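The block underneath contains the structure these notes are about, expressed in structure tokens.
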Number of protein chains: 2
Amino acid sequence: MDDVTTAGSAPDQPLPTRERLILAAASLFRNKGYSGTGLAELLTEAAAPKGSLYHHFPNGKSDLALAAANWASEQMLQLIDASFTPAPSFQEGAKTVCYKLAKLFDLQGKWSGCPVSATLFEGPENEAFHQHAALLFEGWISATAAHAQRLGLAEAEAQAAAENFYILLQGGWQLARVRRDSDVIRGLHLQLCPPMQLQKND
Amino acid sequence: MDDVTTAGSAPDQPLPTRERLILAAASLFRNKGYSGTGLAELLTEAAAPKGSLYHHFPNGKSDLALAAANWASEQMLQLIDASFTPAPSFQEGAKTVCYKLAKLFDLQGKWSGCPVSATLFEGPENEAFHQHAALLFEGWISATAAHAQRLGLAEAEAQAAAENFYILLQGGWQLARVRRDSDVIRGLHLQLCPPMQLQKND
DNA sequence: ACAGCATTAGACCGATTGGTCCAGTGATGT
DNA sequence: ACATCACTGGACCAATCGGTCTAATGCTGT
């Protein structure tokens, strides 16, 4: 009946502790990497004591990292859907994705990296992290490919276009970080010319 | 005449301590990141005691990181030159770069990331690292742009093509890591269609 | 042989790391 | 009123962190 999971305390923090931890983790890991972020700093940012962390995430930092990556990935999927669903074509949808991401990049201080890769690329030893990151990334690609197919591309074309778009986004985001310039991301969609399309007009 | 910089002691380590440290740092940072790599592990890999590190690199880990990034960047510049110099066209040179990098990716265990970014993307606080990384990356881009111009592209086109190529390489390398598949890198050159070329045939 | 210098070897340091543990605390159902 | 239970607060821990320091160890030129 009563879903008071998030309701209640108005004066204090608007979000429950668990959410605050995830948000803080996503933000910090994005900026300083997984091993570059200490628990002390994380708990300060989340305004939570250590006991809460290990209550909500029994395996501590690594559990929290997975949760933060999941949350960030979910945000990205929503951005993809929000951009492609009303789009008249794949190109237009991709353009919207670029612009939204560029805005996000600016809001986050023209610095932060991809939360998932920053969090989960932690060396060859941590196989679980790597596989989880792969899972999330492939989710982005297949979500994009689904939209591409819906917008008229053939299955193989759609998959290729989605992969290509993903590559451009990752690479473009990195160059944007290097230059602290979100325009790099905005310009990415110009490069979005599926190789097949080149041969079309013969 | 006598280039004995690397020669000498055959029985023991073929490389001097300083070089061993740089090599070990480049390898470890590439795999586990800057803050993910401890000095103990680094010194074990380099087979060097702590005293040597602080003799050759007075500022310790951070100095070593800069040196390792420089070394890696130099390797990349050589690869770019070696690929583009004998190439008949920019497209062919870029293709060679992709294939050489893909081979390198395989040799390094289908995992390692870009040494420069892995080393020097260490959070917004470390401004010196960020600026150095930016310097090195722009070096790659301008080196590529120079080759592009030499191979017939106009100055603006050459710059755009070089940036686009850099973006593809970074993004493609990351997807290759995710999938542990160097073919992603090999296929990158197919995406190399300068946007101008699309408008050409109207 | 000796002085001088670059390099090595590793003991040692305080600070910080991620993690454990348990005594509270406060809302809840009975 | 009381027991229950999810949650909090933080003291505490061993291990590791990056870094300092000094004595020994070579190789140099003289």
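The basis for the numbers below is simple: all heavy atoms, side chains too, and nothing from hydrogens, waters or symmetry mates. Owing to the predicted nature of the structure, the values given are computational and were not obtained by experimental measurement. Naming convention: chains lettered A, B, ... in sequence-line order (proteins, then strands); numbering from 1 in each chain.
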Could you tabulate the donor-acceptor pairs under 3.5 Å formed by side-chain atoms of residues 94-103 of chain A, not counting sequence neighbours?
unit_1	atom_1	unit_2	atom_2	d
Thr96(A)	OG1	Glu92(A)	O	3.0

Kindly point out which of dC7(D), dG10(D), dG19(D) is positioned nearest to the side chain of Tyr54(B)? dG19(D)
Between dG10(D), dC7(D), dT7(C), which nucleotide gets closest to the side-chain atoms of His55(A)? dC7(D)
With ring centroids as reference points, do Phe121(A) and Tyr34(A) lie under 6.0 angstrom apart? no
Gap between atoms CG and P, on Asp63(A) and dT20(C) respectively (whole Å): 11 Å
Atom CG of Leu42(A) and atom P of dG18(C) are separated, to the nearest Å, by 9 Å
Lys NZ or Arg CZ of Arg180(B) over Trp111(B) ring: under 6.0 Å, within 45°: no
Contact under 4.0 Å: Ser52(A) side-chain N or O vs dT8(D) OP1/OP2: yes
Under a 3.5 Å threshold, yes or no: a donor from one side chain and an acceptor from the other, between His147(A) and Asp81(A)? yes
So does Ala69(A) get a backbone contact from the side chain of Ser73(A), meaning a donor-acceptor N/O pair under 3.5 Å? no
For Phe29(B) and dG18(D), what is the distance between atoms CZ and C1' respectively, to the nearest whole Å? 11 Å
Please figure out whether Pro58(A) or Leu53(B) has its closest DNA chain C nucleotide nearer the 5' end. Leu53(B)
Rounded to the nearest angstrom, tell me the gap between atom OH in Tyr34(B) and atom P in dC17(D). 13 Å
Nearest whole angstrom, please: distance from the P of dT7(C) to the CD of Glu19(B). 12 Å
Whole angstrom is fine here: how far is it from CG in Leu64(B) over to P in dG19(D)? 10 Å
Does Lys50(A) reach a base, just sugar-phosphate, or nothing at all? Heavy atoms under 4.0 Å. base
What nucleotide among dT8(C), dG18(C), dC7(D) has an atom nearest to a side-chain atom of His56(A)? dC7(D)
Calculate the interatomic distance between Phe57(A) atom CZ and dG19(C) atom P; express it in whole Å. 13 Å
dG19(C), dC17(D), dT8(C): which one has an atom nearest the side-chain heavy atoms of Thr17(B)? dT8(C)
Figure out the CG/C1' separation between Leu39(B) and dA15(C), and round it to whole Å. 14 Å
Could you pick out which residue, Ser35(A) or Gly51(A), lies toward the 5' side of DNA chain C when each is mapped onto its nearest nucleotide? Ser35(A)
Checking all strands, does Ser62(A) fall into the base, sugar-phosphate, or nothing category for heavy-atom contacts under 4.0 angstrom? nothing
